[in-house]
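Below is one structure, written out as structure tokens, with a few remarks after it.
In the text below, chain A, chain B and the rest are named by the order of the sequence lines, each starting its count at 1.
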Amino acid sequence: MSSWLDYTINGLIVGNVYALVAVGLALIFGVSRLINFAQGSIYLVGAYIGWVAVVQLHTPLPLTIIVVALAAALVGLIIERFGLRPLQNSARIAPLLATIGISFVLDQIVMLTFSPNPRALPSQLPDVRFQVGNGTIGPLDLLIAGVGLTSALLLFVFLRYSKLGWAVRATAQDRDAAMQMGVDVNRVNQAVFGIAAALGGVSGMLVGMYYNQIDTAMSLQATLKGVVAEVVGGAGNVPGAVVGSLLLGLVESYGVAVFGTSYRNLFAFLLLVLVLVLRPNGLFASARQAPPEPLTGTFIAPSRPVRIPRWALLIAVGGFAILPLFPVSFYVLQTLINAWLLGMLALSLTLVAGTIGQVSLGHAALLAIGAYTSALLSSSFSVPVGLAVIAGGLMSAALGTTLISPSFRLRGHYVSIATLAIGEIVSLVILNWESVTRGPIGISGIPPLSLFGYDLISASSVYWFSFAVMVVLALLQGRLLNSHLGRSFRAIRDDDIAARAYGLSLNRYKSLAFIFGGFAAGVSGAIAAHLYSYINHETFNTQQSILALTVVILGGLGNVVGAVVGSVALVGLPEVFRIAAEYRILIYGIVLLLLVRFRPQGLLGTI
Amino acid sequence: MTTTASPSDPLLALSGVNTFYGQAQVHFDLSISVARGHIVCLLGGNASGKSTTMKIILGLVKPRSGDVTFDGASLLGLSTPQIVRRGIASVPEARRLFADMSVRENILMGAFVRSDRAAVAQDLERMLALFPKLGQRLSQRAGSLSGGEQQMVAMARALMSRPRMIVMDEPTMGLSPLYVDRVLELIGTINQEGVSVFMVEQNASLALEIAHEAYVLQTGRIVLSGPARALKDDPRVRDAYLGGSEAA
Ligand SMILES: Nc1ncnc2c1ncn2[C@@H]1O[C@H](COP(=O)(O)OP(=O)(O)O)[C@@H](O)[C@H]1O
Ligand SMILES: [Mg+2]
């Protein structure tokens with residue numbers, strides 16, 4: 001049984017680790033108003049470089065730290081130079097998407113190089129613990145505290161006394177004015193990416209040593225925790241990030257003490273949502289501080305959408321509709337069923353992210369809500385599957401909109417953070433609310449799809465069903481976008497201040513978009529649940545949210561036909577080219593990066 | 001740098017500049033020149049494109065066509081920091097101090113492009129002599145100063161780079177009458193030390209007091225230009241700018 005002092009020490013140590021990540025995020029946000037979603041990947045890379053150094057090269061600890069810091073800094077510099085600098089004049093959303101793509105690529109490279117299996121990362125420190133009051137503290141704790149304090153001191157000296165440090169601070173406060181003093185903003189960006197990466201890499205290594213285990217799942221977790229700490233401290237506020245991190249560490253540690261380990265992340269994300277809703281500028285922001293958003297420039301890359309003649313669409317729909325009548329393989333139908341399900345999710349996301357400009361990174365949560373609703377209704381309450389699927393869609397629309405509504409006043413990157421957090425919260429509630437969701441065991445034996453008493457078992461019947469649902473949803477959405485409502489949606493995306501000035505009620509329109517989008521995604525999740533017959537809290541994960549985002553960018557943000565074309569392309573092409581499963585995520589990440597850089601309007605153009 | 005620049009050529013010249021924000025054209029065939037050692041003033045109402053002219057000179061916005069030359073060499077291919085290094089300092093609209101940095105840090109940021117530390121320290125002393133009020137405020141947050149004091153800091157900051165030319169965007173805007181007089185006096189002093197000045201103003205009567213030449217900008221077009229003394233008596237300028245409440 002650990003004492004409260006132990007929990008406090010643990011909270012502070014973990015907080016120190018978060019601080020190393022969050023400080024980097026804050027530096028980057030300060031100078032370029034960008035939430036760097038690749039920060040966790042650098043942390044992951046740092047952990048694995050540490051592993052190579054310690055286990056294979058047998059470097060002594062001080063050298064390991066230096067090697068990790070330098071190698072991670074190099075990765076950071078490369079990301080800045082080749083991933084982000086070319087996007088300086090792109091649409092506002094481009095750098096954010098690029099960091100997501102970069103994080104996928106880095107994580108997958110690590111996974112392919114080192115395999116997804118966890119590895120032990122020994123700390124090389126003696127395994128002793130010293131008694132402090134009624135708690136204990138070990139050498140590793142002291143090391144982490146020491147690295148944290150040293151980094152903070154170095155950073156302080158850098159920012160306060162070096163010329164480049166002054167340039168960093170000046171750029172963070174007023175980029176244009178800094179340029180007018182002769183500050184080269186590219187060098188400043190380089191500096192903060194290098195520093196952020198060095199700190200992040202060392203942090204990953206220390207965490208690996210702390211738990212004596214590293215694996216590729218660390219990446220997303222680190223990004224999430226760093227973002228939480230940074231937002232709690234106030235985006236772009238470096239000392240705030242440190243305090244936010246320590247606070248987060250303590251909240252988690254005490255939360256674990258009272259409720260158990262599986263609640264750790266739930267507390268983190270609840271804290272984030274609370275801060276986002278109540279004090280979006282962070283706990284320490286003074287009233288005079290303007291919110292860091294919005295940035296200038298258009299939100300999505302403007303373009304002239306490709307006009308597809310009606311007859312061509314009809315032929316395409318007809319062709320796909322009669323496809324099962326031909327002797328196509330089960331495998332082809334299966335692939336296309338996946339494409340139709342992803343298409344529904346993409347329709348939802350292209351409406352929410354593309355048409356109304358709320359870039360959701362937690363869309364998989366809508367799948368999960370629909371899936372669990374339909375699965376539980378049909379298996380526990382014997383509700384007919386057809387009705388249960390519709391109920392899944394409705395539940396997703398209602399619950400999804402309710403959960404996101406407190407964040408309606410947020411803009412830009414903050415929306416992405418909020419949706420990401422809500423997505424995680426949904427997954428964690430599913431994990432912990434055992435009496436309803438059966439917790440980590442998941443739900444098995446979900447009945448197959450059926451309609452009016454007829455089971456849809458054969459591949460072709462499932463194909464027709466999912467295709468029909470998707471086409472109906474697409475038609476409805478196309479209608480919606482061509483109406484007055486659709487124009488109001490786009491007005492809000494392009495300039496919400498002006499839209500408000502014209503008397504549009506932002507909340508009402510955002511709600512409408514989320515209700516419609518929630519329904520489409522919920523239905524997709526519900527159908528998937530009946531196809532898989534087993535789901536758990538990890539079935540619908542962030543990876544799917546990002547895949548959907550890639551699909552809608554591929555198709556063209558806001559573009560209904562594009563969402564479907566993008567789904568078929570991203571599900572189908574890897575099958576056509578027989579790309580092994582473990583390379584697919586890598587390919588998705590690369591596709592996302594290439595799109596953002598070279599064809600931000602997607603295949604069919606943004607609307 | 002080109003060798004064609006002779007002392008009689010203008011220090012700064014915009015020629016045939018057309019500027020766009022997306023589809024909207026802000027400048028129509030704009031030509032302005034600033035002679036060495038002169039104070040040149042650009043007058044114009046709200047949204048006439050004055051601040052955009054400053055941004056064109058500083059390279060923050062690039063024109064779609066036309067040229068901007070400084071000392072005979074084009075600035076178009078250069079980034080803002082490179083332009084600053086050529087010797088152009090700025091006092092931006094609404095001052096744009098680094099609010100969370102101290103007054104001392106703000107002033108020293110002006111010397112960012114310099115590496116002669118000893119001389120920079122001397123120049124800081126010079127600034128304190130020129131702007132005596134700032135002496136007691138050096139360690140204060142710049143954001144906590146009054147508007148007039150902030151203007152002093154912005155001017156000191158601009159001078160710290162030892163520029164050949166200073167561009168100022170509405171330096172008297174929002175200042176109390178006392179500070180307006182002080183700022184104009186200081187601009188004269190700066191100019192006498194050999195720094196050319198290009199300033200944008202809405203307050204025509206005051207600006208024309210100290211300027212050598214002036215241009216009047218109306219929705220992106222130069223509609224009048226000439227020696228300041230002549231413009232001051234020009235009925236069209238008087239009607240547009242000097243009548244009514246403007247001449248405070
Ligand atoms: N970043 C910008 N993007 C789009 N339009 C702009 C931008 N900055 C200024 N404008 C527009 O250009 C015109 C000229 O602006 P500006 O040069 O600031 O005028 P002034 O300084 O004379 O008031 C105005 O109509 C203004 O709305
Ligand atoms: Mg202006």
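A distance of 9.0 Å separates CG of A:D174 from CG of B:L97, quoted to the nearest 0.5 Å. The CD1 atom of B:I83 sits 9.0 Å away from the CE atom of A:M179 when rounded to the nearest 0.5 Å. Atom CG of residue A:D176 and atom NZ of residue B:K55 lie 7.0 Å apart, to the nearest 0.5 angstrom.
Shortest non-hydrogen contact noted between A:A170 and B:M109 is CB-CE, 3.6 Å. The minimum heavy-atom distance linking B:R85 with A:G182 is given by the pair NH2-O, 3.8 Å. Taking each heavy atom of B:L108 and A:W166 in turn, the nearest pair found is CB-CZ3, 3.6 Å.
Heavy atoms of other residues, nucleotides or ligands lying less than 6.0 angstrom from NZ of A:K163 number more than 12. A 6.0 Å sphere centred on CZ of A:R187 holds no more than 12 heavy atoms belonging to other residues, nucleotides or ligands. Counting heavy atoms of neighbouring residues, nucleotides and ligands inside a 6.0 Å radius, atom CZ of B:R182 exceeds 12 of them.
Proximity to chain A (any heavy atom under 4.5 Å) is shown, for B:A158, by neither the backbone nor the side chain. Within the 4.5 angstrom heavy-atom criterion, atoms from both the backbone and the side chain of A:A178 approach chain B.
Taking 4.5 Å as the limit, every side-chain heavy atom of A:R169 sits out of range of all side-chain heavy atoms of B:F98. Residues A:M181 and B:V84 are not in side-chain contact: their nearest non-hydrogen atoms beyond the backbone lie 4.5 Å or more apart.
A donor-acceptor distance shorter than 3.5 angstrom exists from the side chain of A:Q173 to the backbone of B:D100, with no hydrogens or angles considered.
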